Amino acid sequence: MGLAYGQSSQSVWRDLSEVTYKIGQDEFGELYIPVFGDKIKSLEGKTVEADGYIIPFEGMFKPEHIILSSLPLAECFFCGSGGPETVMEVMMKNPIKYTSKRVKVRGTLTLNDSDPEKLMYILKNAELLN
């Protein structure tokens, strides 16, 4: 199976960084809503590879549903200086073991601009490549 989108593992993060935001409202107040550019929209539904670091969330590690950050833990969106475009939810085909080392995954990219409970980038049906 070949990649539907030819790219190096670094370029997917570069492409995903080209997002803007508008301010919206929900029952809890203001929220930022991502506005995806054409380059990002062209990746939706495609198989992409992303490398990065597994970020434990909600005090636990779920081996089949991980948060992947393009930045190390100290710099990630939840803990440091990165923005929301530097993280993605990854739904794994098979559970994986937590590691603090860089990992690479491949899956189908889904864009989320409507559910504030989820991240704006979700990789589904993902496989660990290393």
Side-chain angles (χ1 to χ4, degrees):
M1 171 174 104
L3 286 179
Y5 174 70
Q7 42 101 46
S8 73
S9 58
Q10 288 296 329
S11 72
V12 75
W13 290 114
R14 186 172 52 248
D15 290 345
L16 296 179
S17 71
E18 296 178 16
V19 62
T20 58
Y21 303 91
K22 63 183 179 184
I23 296 177
Q25 287 282 140
D26 69 4
E27 64 269 24
F28 303 109
E30 282 187 354
L31 68 152
Y32 286 90
I33 299 169
V35 177
F36 302 115
D38 290 340
K39 186 181 280 188
I40 295 172
K41 287 179 185 176
S42 74
L43 295 174
E44 185 165 27
K46 300 272 183 8
T47 299
V48 298
E49 292 181 5
D51 64 338
Y53 300 91
I54 298 171
I55 305 299
F57 65 100
E58 296 178 7
M60 65 170 94
F61 169 71
K62 296 178 183 176
E64 69 289 334
H65 179 193
I66 64 171
I67 301 294
L68 189 71
S69 173
S70 64
L71 303 169
L73 185 61
E75 299 172 41
C76 93
F77 172 58
F78 299 105
C79 312
S81 58
E85 71 282 353
T86 64
V87 291
M88 67 173 59
E89 287 184 62
V90 181
M91 310 301 194
M92 301 298 300
K93 277 186 191 178
N94 300 302
I96 65 170
K97 292 185 173 158
Y98 175 80
T99 178
S100 59
K101 295 180 179 156
R102 194 171 195 86
V103 297
K104 184 185 277 189
V105 294
R106 177 190 301 142
T108 305
L109 183 66
T110 301
L111 304 178
N112 170 37
D113 62 1
S114 59
D115 184 352
E117 298 294 315
K118 296 202 163 285
L119 296 179
M120 63 183 171
Y121 300 126
I122 303 168
L123 208 58
K124 294 184 177 177
N125 211 23
E127 309 173 87
L128 183 65
L129 298 179
N130 64 347

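Heavy-atom basis, side chains included; hydrogens, waters and symmetry copies ignored. Note that the coordinates shown come from a computational prediction; the quantities given were computed from them, not determined experimentally.
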Original post:
M120 and P34: which non-hydrogen atoms are nearest, and at how many Å?
Top reply: SD-CB, 3.5 Å

Subject >> Non-neighbouring partners of Y21 that pass side chain to side chain donor-acceptor pair (under 3.5 Å), sequence neighbours left out >> reply: E85

Subject >> Co-membership, hydrophobic cluster, residues I122 and V48, 4.5 Å side-chain >> reply: no

Original post:
Between D51 and W13, what is the shortest heavy-atom contact and its length?
Top reply: O-NE1, 2.7 Å

Subject >> Greater than 12 external heavy atoms within 6.0 Å of D38's CG >> reply: no

**OP:** Identify the heavy atoms of P116 and L31 that sit nearest to each other, and give their distance.
**Re:** CB-CD1, 3.9 Å

Subject >> Spacing of NZ belonging to K41 relative to CG belonging to D113, to within rounding of 0.5 Å >> reply: 8.5 Å

**OP:** Find out whether M91 and E89 are in side-chain contact, i.e. whether some heavy atom of one side chain is under 4.5 Å from a heavy atom of the other.
**Re:** yes

Original post:
Who passes side-chain contact (heavy atoms from CB on, under 4.5 Å) against K93, sequence neighbours left out?
Top reply: N125, E127

Original post:
Please walk me through it: do L109 and K46 pass side-chain contact (heavy atoms from CB on, under 4.5 Å)?
Top reply: CA-CA 6 Å; L109 183 66; K46 300 272 183 8; 5.8 Å; no

Original post:
Considering residues at least two apart in sequence or located in another chain, which fulfil the side-chain contact (heavy atoms from CB on, under 4.5 Å) criterion with E44?
Top reply: T110, L111

**OP:** With the side chain counted from C-beta on, respond yes when N130 and V103 share a heavy-atom pair under 4.5 Å apart, and no when they do not.
**Re:** yes

Subject >> Crowding at CD, E27 (>12 non-hydrogen neighbours, <6.0 Å) >> reply: yes

Original post:
Do L119 and I33 belong to the same hydrophobic cluster, where Ile, Leu, Val, Met, Phe, Trp and Tyr are linked whenever their side-chain heavy atoms lie under 4.5 Å apart, directly or via other members?
Top reply: no

Original post:
Between I55 and S69, what is the shortest heavy-atom contact and its length?
Top reply: CG1-CB, 3.6 Å

Subject >> Heavy-atom neighbours of Y98 OH exceed 12 at 6.0 Å >> reply: yes

Original post:
Quick one: CE on M88 to CG on L123, what's the gap to the nearest 0.5 Å?
Top reply: 5.5 Å

Subject >> Closest non-hydrogen atom pair between K118 and N112, with its separation >> reply: O-ND2, 3.4 Å

Subject >> Partner of I54 under side chain to side chain contact (heavy atoms under 4.5 Å, CB included), chosen from V90, I67, I96 >> reply: I96

Original post:
Is E49 close to V12 at the side-chain level, that is, under 4.5 Å between some pair of heavy atoms?
Top reply: no

**OP:** For residues Y53 and L68, determine if any side-chain heavy atom of one lies less than 4.5 Å from a side-chain heavy atom of the other.
**Re:** no

**OP:** Report yes if the side chains of V19 and Y121 come closer than 4.5 Å at any heavy-atom pair, otherwise no.
**Re:** yes

Original post:
Do V105 and M92 have side chains that get closer than 4.5 Å, going by heavy atoms?
Top reply: yes

